[in-house]
Number of protein chains: 2
Amino acid sequence: METLKQAVTKKASWTTRLEEKQRRVESIKGLADGKVIPTDSIVEAMENLILPHDRVVLEGNNQKQASFLSEALAQINSEKVFDLHMIISSISRPEHLDLFEYGIAKKVDFAYAGPQSLRMAQMLEDGQLTMGEIHTYIELYGRLFIDLIPSVALVAADKADRNGNLYTGPNTEETPTLVEAAAFRDGIVIVQVNELTDELPRVDIPGSWVDFVVVADQPYELEPLFTRDPRHITDIQILQAMMIIRGIYERHQVQSLNHGIGYNTAAIELLLPTYGESLGLKGKICKHWALNPHPTLIPAIESDWVESVHCFGGEVGMEKYVEARRDVFFTGPDGSLRSNRTLCQMAGQYAVDLFIGSTLQMDHEANSSTVTRGRLAGYGGAPNMGHNPGGRRHSSSAWLNMMTSEDPLARGKKLVVQVVETFQNGNKPVFIDSLDAIDVKRDSNLATAPVMIYGEDVTHVVTEDGIAYLYKTDSMEKRREALSAIAGVTPVGLKQSPAQIEQLRGEGLIAYPEDLQIRRTDAKRSLLAAKSIEEIVEWSDGLYEPPAKFRSW
Amino acid sequence: METLKQAVTKKASWTTRLEEKQRRVESIKGLADGKVIPTDSIVEAMENLILPHDRVVLEGNNQKQASFLSEALAQINSEKVFDLHMIISSISRPEHLDLFEYGIAKKVDFAYAGPQSLRMAQMLEDGQLTMGEIHTYIELYGRLFIDLIPSVALVAADKADRNGNLYTGPNTEETPTLVEAAAFRDGIVIVQVNELTDELPRVDIPGSWVDFVVVADQPYELEPLFTRDPRHITDIQILQAMMIIRGIYERHQVQSLNHGIGYNTAAIELLLPTYGESLGLKGKICKHWALNPHPTLIPAIESDWVESVHCFGGEVGMEKYVEARRDVFFTGPDGSLRSNRTLCQMAGQYAVDLFIGSTLQMDHEANSSTVTRGRLAGYGGAPNMGHNPGGRRHSSSAWLNMMTSEDPLARGKKLVVQVVETFQNGNKPVFIDSLDAIDVKRDSNLATAPVMIYGEDVTHVVTEDGIAYLYKTDSMEKRREALSAIAGVTPVGLKQSPAQIEQLRGEGLIAYPEDLQIRRTDAKRSLLAAKSIEEIVEWSDGLYEPPAKFRSW
């Protein structure tokens with residue numbers, strides 16, 4: 001062994017990352033006042049703190065955007081700084097992609113690109129951008145500690161003091177995770193803040209994790225992404241919501257859950273205090289939520305349906321309401337919301353009974369995707385929460401309710417529900433023979449087809465026709481039959497004879513509204529606990545302050 | 001709607017949790033000096049801060065134990081405080097179970113109970129304890145934000161200042177997650193520290209998350225759980241390690257991974273700089289690790305095999321080595337390790353190519369468990385890292401290498417490897433017809449059988465006989481045959497004819513050492529880069545300081 005050890009070439013230094021960091025920090029000593037970079041020096045500072053080929057994680061959250069820093073990054077001299085490898089969980093802003101046009105950045109790893117998905121696909125095709133991988137949020141966060149360790153983190157907070165202590169307030173979101181990955185690997189952490197102050201309401205991230213703060217020219221961008229105006233909820237969505245409450249939540253005793261962003265799940269939230277109440281379900285279902293502070297949940301909260309809500313992020317206008325309903329939400333000593341995207345995604349994966357979401361396309365086997373031709377949208381958190389976590393070992397009533405086998409090693413399942421109407425707007429069928437994802441894989445040269453939720457994980461599909469209880473089917477054939485029976489006049493639907501359909505109903509593999517004692521004619525907007533944003537504000541005793549674009553009064 | 005809203009009974013208060021917290025905090029005003037509880041007042045303080053039926057999360061980590069607080073909790077008057085619902089991720093210390101004998105606690109939710117598993121099973125049988133559920137670490141952490149929100153958190157840190165800012169140093173582990181769950185839900189956070197100081201080396205947890213600190217009578221318990229003395233590594237383990245390097249790591253280009261705690265994986269670590277080097281694999285495999293700072297990884301680090309290691313926790317004696325090898329580990333500005341059990345489990349689940357671990361029992365279908373008759377051991381993190389995460393969407397070479405289908409929606413798989421010898425000590429076969437877990441389920445009245453890793457997730461099984469490439473089998477029958485062919489003279493083994501075995505080898509479903517160009521006679525201890533703890537210390541240039549019990553010199 002002595003020989004082997006001696007044969008090994010000693011490394012000259014084991015602190016190269018630290019030395020490089022110190023060199024960079026030193027290089028802007030003249031620019032910064034301690035940890036504070038003056039607002040108008042940010043571009044110059046970045047040109048010194050960031051080097052070509054750096055791996056840069058930029059906070060492009062689901063809601064909160066480090067918009068001042070991303071705009072500044074797009075202004076740096078691409079002869080000085082080029083070919084960056086960007087990690088942006090949500091590619092949301094034009095300059096996120098401008099970076100690639102300007103040659104400042106070259107490669108991107110991401111989780112979601114909703115607003116920029118068309119341009120992204122085009123730039124990939126034109127060779128202006130190299131795509132790493134499409135992730136869900138927490139697998140991307142996981143890689144920040146393994147093989148995508150950032151050299152620089154650019155994030156946003158509400159307030160900082162001169163020591164770099166941060167107050168992220170209601171929108172903590174992914175900030176602590178991004179900062180942790182860089183700060184503890186001798187990376188450089190730069191934080192834009194709305195305000196520099198001596199007294200923080202609370203500390204969300206300690207100053208020793210932060211290298212520089214800069215006061216932004218305007219507050220960070222924050223999108224009210226989870227606000228759904230009840231005026232847009234249709235009778236069909238109300239019918240679906242009734243079926244879900246009756247045929248899924250009540251039947252399987254769903255106590256903890258996550259809802260997607262759609263109007264159909266907003267309808268469920270608004271039916272709990274009315275239809276749910278009439279079924280005597282208060283205190284029996286929907287008690288614990290992994291959910292952003294949805295305004296449409298306010299009537300259920302006020303009616304005492306909700307024991308707890310843990311949030312991925314905040315929601316614009318909900319700040320005062322959350323503070324005043326502190327028994328329900330996670331809040332700091334200062335009273336404002338504490339969100340945490342990483343922990344909420346983890347809880348949404350492992351600790352809740354049910355995930356319900358929607359999709360743009362679904363095939364015969366219930367595989368689904370929101371990635372369609374020409375749109376590299378990604379999926380955010382849906383695949384993480386919308387699968388049956390193989391590492392789960394604890395049980396709950398709903399989870400056990402999914403057991404269909406007598407095998408001594410049989411276990412329960414997470415409920416993964418997809419709710420769709422058989423046709424999208426524009427008369428495109430949702431149920432189709434083959435997902436666009438397969439073509440996108442080929443066209444964009446991806447390693448695998450970008451499927452959002454795999455059919456094997458889906459326990460229930462709900463359409464305006466009824467519910468398919470896929471978890472009860474014992475063969476692929478039965479599965480297709482059940483799905484077909486609720487798929488309307490789409491390419492997947494209309495394949496069953498009336499006798500077959502009767503058999504599927506008899507076997508409990510599908511349920512139509514009448515099987516759930518629901519009259520289609522009862523599915524009316526009058527059932528909604530609030531029919532407009534204004535009525536939600538009333539429910540909240542004026543505590544909810546909707547953004548201007550949602551105000552009609 | 002107006003009627004409905006008016007019909008709803010207004011809650012008297014939405015801040016009951018906060019009010020209750022304030023009442024409790026106020027009740028010990030006379031005892032505490034600001035946030036500091038005097039050491040000898042801790043029992044009295046707890047009797048006021050904790051109420052009967054409270055949900056209390058106690059830091060009983062894999063390594064670090066809040067031992068002063070658990071001892072104090074066991075001393076409180078059970079007429080004042082009783083029927084607590086305890087959440088303890090690792091039930092490790094006698095007083096963790098004394099609490100139930102004394103009537104202070106009644107119910108427990110946990111993840112692992114290694115050292116206390118026998119007594120735990122007995123107490124459950126005797127009705128002295130009510131068991132909640134068995135979890136993996138991060139599903140238990142997830143529930144802290146959903147349906148197991150704690151009213152009190154009892155945790156441990158290295159140092160605190162008078163404002164409650166905490167330095168957790170190398171052993172950050174699960175502390176921030178437990179504190180976050182309580183602190184932001186108006187729970188009470190009590191932290192034992194080894195030292196109260198004005199100047200912290202860095203802040204790991206901000207003071208505004210902490211209600212009380214107390215200086216412990218002695219430093220918190222910390223177990224060197226991941227130290228494996230190379231002297232105990234056998235020739236058989238070396239043979240297995242060679243097969244794994246050749247037949248799995250090299251073949252599938254495994255770049256990122258987690259290792260279990262066993263001697264067989266320690267052997268792999270110690271063979272990288274010797275056998276691995278001879279195969280020319282440096283820089284091609286095993287670059288990124290989700291792993292505690294294993295002393296047996298030191299020769300590989302010194303030989304420049306390792307780019308990064310992210311840690312769940314620290315390891316006693318590795319402090320100086322980690323500080324000096326800062327390019328490899330995650331460290332704070334102060335130089336000491338930053339670990340984080342939650343983030344490392346998340347990364348170990350979603351971001352690495354491979355998990356390898358061991359088990360006590362395995363059945364025909366490769367289902368395995370460490371829960372055996374009379375032992376309610378739980379599993380810690382193994383089920384989380386040892387399954388194919390259904391929410392993963394990014395690819396890597398190794399992951400894609402597991403694809404065996406031409407289906408356009410086919411995807412890769414995580415490599416989940418189980419390495420065992422066909423017989424345990426005491427001549428008990430590892431491969432058996434039926435897992436004890438099935439009997440334990442019945443005897444302990446569990447909802448499901450406590451399986452550690454399900455066969456469907458296992459891609460490879462390695463014994464002293466060879467490797468079964470289970471991921472390549474296309475039927476349950478082939479799977480059983482492949483497993484049987486490497487299961488020796490156990491009830492599962494010895495079922496194949498020589499002709500069948502030749503066919504399995506030909507199809508590449510199993511490999512014997514000779515199929516991998518490994519001579520059994522080459523598998524000698526002389527291949528280990530270090531053959532003793534002393535030699536590991538030499539490799540480390542004296543930076544590694546093993547605990548006394550590992551010193552033989």
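Residue numbers begin at 1 in each chain, while the letters A, B, ... track the order of the sequences.
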Output for pair (B/Arg143 CZ, A/Met346 CE), nearest 0.5 Å, gives 12.5 Å
Looking only at A/Gln349, A/Glu456, A/Met385, the option with the highest number of non-hydrogen pairs under 4.5 Å against chain B is A/Gln349
When the 4.5 angstrom heavy-atom criterion is applied to A/Ala437 and chain B, the contacting part is neither
Okay, B/Lys441 and chain A: the region with an atom under 4.5 Å from a heavy atom over there is side chain
If one checks every heavy atom of A/Ile453 against chain B at 4.5 Å, the contacting part turns out to be backbone
Heavy atoms of B/Ser308 and A/Arg185 approach each other most closely as CB-NH2, 3.5 Å
Heavy-atom distance under 4.5 Å between the side chains of B/Phe184 and A/Thr172, does that happen here? no
Under 4.5 Å to a heavy atom of chain B? For A/Ile146 that would be both
Honestly, the part of A/Ala290 sitting under 4.5 Å from a heavy atom of chain B is both
Here the pair of heavy atoms bringing B/Ser208 nearest to A/Val203 is OG-N, 3.2 Å
Note: vs chain B, highest number of non-hydrogen pairs under 4.5 angstrom among A/Ile438, A/Leu140, A/Leu144 is A/Ile438
Is the backbone N or O of A/Arg17 less than 3.5 Å from a side-chain atom of B/Asp327, with the two atoms forming a donor-acceptor pair by type?
yes
Q: I would like to know whether B/Arg325 and A/Trp14 meet side-chain contact (heavy atoms from CB on, under 4.5 Å); could you show each step before the answer?
A: CA-CA 5 Å; B/Arg325 298 295 178 265; A/Trp14 291 93; 3.1 Å; yes
Assert top hit (heavy-atom pairs under 4.5 Å, partner chain B, pool A/Gly391, A/Pro273, A/Gly207, A/Ser434) equals A/Gly391
Most heavy-atom pairs under 4.5 Å with chain B, out of A/Gly412, A/Pro408, A/Pro450, belong to A/Pro408
Checklist line | B/Asp147 and A/Ser256 side chains, donor-acceptor separation under 3.5 Å | finding: no
Bottom line for A/Asp363: the part with an atom under 4.5 Å from chain B's heavy atoms is side chain
Notebook entry, point to check: Going by heavy atoms in the side chains, are A/Thr448 and B/Leu400 under 4.5 Å from each other?
Noted result: yes
With chain A, the option among B/Asp186, B/Asp334, B/Asn165 that has the most non-hydrogen atom pairs under 4.5 Å is B/Asp186
Across all chains, not counting sequence neighbours, the ring-ring contact (aromatic ring centres under 6.0 Å, His included) partners of A/Phe145 are B/His310, B/Phe330
Whatever's closer than 4.5 Å to a heavy atom in chain B on A/Ala382 counts as neither
Of the listed B/Leu435, B/Asp204, B/Ile205, the one with the largest count of heavy-atom pairs under 4.5 Å with chain A is B/Asp204
Notebook entry, point to check: Quick one: does A/His135's side chain get under 4.5 Å of B/Arg393's, heavy atoms only?
Noted result: no
The interface call for B/Trp289 against chain A, heavy-atom contacts under 4.5 Å, is backbone
Q. Is any side-chain heavy atom of B/Val8 less than 4.5 Å from a side-chain heavy atom of A/Trp539?
A. yes
So, the part of B/His394 with a heavy atom under 4.5 Å from chain A: the answer is both
Applying a strict 4.5 Å limit to non-hydrogen atoms, the region of A/Pro333 in contact with chain B is side chain
Per-residue tally against chain A (heavy atom, under 4.5 Å) across B/Ile134, B/Asp109, B/Val352 peaks at B/Ile134
Applying a strict 4.5 Å limit to non-hydrogen atoms, the region of A/Phe329 in contact with chain B is backbone
Cut-off 4.5 Å, heavy atoms of chain B, and the answer for A/Ile301 is both
So, the part of B/Thr177 with a heavy atom under 4.5 Å from chain A: the answer is side chain
Of all heavy-atom pairs linking A/Glu139 and B/Arg392, the shortest is OE1-CG, 3.4 Å
Okay, A/Leu337 and chain B: the region with an atom under 4.5 Å from a heavy atom over there is neither
Per-residue tally against chain B (heavy atom, under 4.5 Å) across A/Gly142, A/Ser395, A/Ala347 peaks at A/Ser395
- Are A/Glu180 and B/Arg338 side-chain neighbours, meaning at least one heavy-atom pair lies under 4.5 Å? yes
Okay, B/Leu409 and chain A: the region with an atom under 4.5 Å from a heavy atom over there is both
Bottom line for A/Ile138: the part with an atom under 4.5 Å from chain B's heavy atoms is both
Applying a strict 4.5 Å limit to non-hydrogen atoms, the region of A/Ala181 in contact with chain B is backbone
Honestly, the part of A/Asn384 sitting under 4.5 Å from a heavy atom of chain B is both
Show your reasoning for whether side-chain contact (heavy atoms from CB on, under 4.5 Å) applies to A/Tyr454 and B/Arg411. CA-CA 11 Å; A/Tyr454 287 90; B/Arg411 52 184 157 157; 3.2 Å; yes
Okay, A/Val309 and chain B: the region with an atom under 4.5 Å from a heavy atom over there is neither
Chain B shares the most heavy-atom pairs under 4.5 Å, among A/Glu302, A/Glu277, A/Lys21, A/Met403, with A/Glu302
Honestly, the part of B/Ala111 sitting under 4.5 Å from a heavy atom of chain A is neither
